[in-house]
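Taking it in order: structure first as C-alpha cells, then the write-up.
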Amino acid sequence: MSFNNLDTLYRQVIMDHYKNPRNKGVLEDGSLTVNLNNPTCGDRIHLTMKVEDGKVIDAKFEGEGCSISLSSASMMTQAIKGKKIEEAIKLSKIFSNMMQGKEYDEDLDLGDIEALQGVSKFPSRIKCATLAWKAMEKGLMEQEQNK
Ligand code: FES
C-alpha cells in the first residue's frame with residue numbers, strides 16, 4: 001500500500017472513532033474516575049474505569065476536544081478493556097513512545113491505535129493524542145499505590 005493510501009486509511013479510522021466513539025459515557029458506582037485537562041487548549045477528558053482482580057473490566061469516557069483527542073480516547077478505552085493493570089500501563093508507555101517518534105516494538109498488533117502514529121509529526125497535537133492515555137495511566141497508578 002502506498003503512503004498516500006495508508007494516510008487515507010488512517011484518517012478514515014480516526015474519523016470513524018471520532019464520529020462513532022466507542023465506550024462513550026460514564027460508568028456508575030465503584031468506578032475509578034479521572035478528570036484531566038489538556039493544558040495547551042483547556043479541553044478535558046472525564047474517564048471512568050472499573051477494575052476487578054487487577055484487570056480493567058470496563059472503561060468509558062466523556063469530554064470535549066478535537067478529533068485527535070476524542071478518537072484517541074475511543075481507541076484507548078477499546079484497547080484496555082480486559083487488560084491487566086500493568087498491561088494497560090505498558091500500552092500507555094508504548095503509545096507515548098510512538099507519539100515521541102521513539103522506537104517501540106513494531107511487531108505488536110496495536111490495531112486501530114496505529115492510525116495515530118502520524119500525529120508524532122505534529123508536535124502541537126501530541127498532547128491531544130496522549131490526553132486520554134495520561135488519564136488512564138494516572139487512574140491506574142493511583143489505584144496500584146492505594147492497594
Ligand atoms: Fe484540545 Fe486537541 S485541541 S484536545
Side-chain angles (χ1 to χ4, degrees), residues 1-28 30-51 56-106 108-146:
M1 197 182 289
S2 73
F3 275 119
N4 272 350
N5 286 345
L6 197 60
D7 274 356
T8 306
L9 176 70
Y10 282 168
R11 230 184 326 249
Q12 283 169 354
V13 173
I14 291 168
M15 287 318 284
D16 178 46
H17 275 271
Y18 177 56
K19 289 184 180 156
N20 309 295
R22 299 4 169 222
N23 307 308
K24 187 114 192 266
V26 177
L27 291 172
E28 298 307 326
S31 300
L32 220 61
T33 300
V34 187
N35 287 297
L36 210 59
N37 279 9
N38 180 343
T40 56
C41 63
D43 287 333
R44 59 154 205 121
I45 182 162
H46 176 73
L47 176 67
T48 47
M49 295 177 282
K50 198 165 199 124
V51 175
V56 182
I57 57 166
D58 207 356
K60 284 191 187 290
F61 77 98
E62 278 193 331
E64 293 100 40
C66 61
S67 56
I68 299 286
S69 72
L70 296 178
S71 61
S72 186
S74 170
M75 291 176 199
M76 182 280 291
T77 52
Q78 198 175 38
I80 64 167
K81 279 212 237 176
K83 291 237 174 357
K84 290 183 188 155
I85 289 179
E86 57 270 25
E87 290 171 337
I89 291 174
K90 188 175 166 203
L91 198 54
S92 180
K93 308 270 184 228
I94 291 168
F95 186 72
S96 171
N97 283 346
M98 183 202 271
M99 288 298 102
Q100 293 170 61
K102 290 186 187 164
E103 279 185 23
Y104 63 96
D105 184 354
E106 292 187 13
L108 280 174
D109 179 11
L110 296 174
D112 289 354
I113 297 165
E114 285 178 15
L116 290 167
Q117 61 184 231
V119 175
S120 66
K121 296 188 208 109
F122 303 94
S124 63
R125 309 308 298 277
I126 293 173
K127 282 199 170 80
C128 304
T130 54
L131 180 63
W133 294 82
K134 282 196 174 11
M136 176 267 280
E137 212 176 313
K138 182 173 187 280
L140 294 181
M141 302 264 256
E142 281 172 9
Q143 162 97 0
E144 283 291 85
Q145 278 156 14
N146 294 335

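Order of appearance sets the numbers: ligands from 1, and atoms from 1 within every ligand. When a residue number appears, it is its place in the shown sequence, counting from 1.
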Donor-acceptor pair between S96 and W133 side chains, under 3.5 angstrom | no
Under 2.8 Å from atom 1 (Fe) of ligand 1, which protein N, O or S atoms are there? Could you list them by chain and number?
-> C41 SG, D43 OD2
Which pairs, with at least one residue in residues 83-100 and sequence neighbours excluded, count as a salt bridge (charged side-chain N to carboxylate O under 4.0 Å, His left out)?
-> K93-E137
Backbone N or O of P39 within a donor-acceptor pair of the N37 side chain at under 3.5 Å?
-> no
Inter- and intrachain pairs under salt bridge (charged side-chain N to carboxylate O under 4.0 Å, His left out), touching residues 64-73, at least two apart | R44-E64
Kindly state each residue pair satisfying salt bridge (charged side-chain N to carboxylate O under 4.0 Å, His left out) with at least one member in residues 13-22, sequence neighbours excluded.
-> D16-R22
Sole residue of T8, I14, V13 in side chain to side chain contact (heavy atoms under 4.5 Å, CB included) with R11 | T8
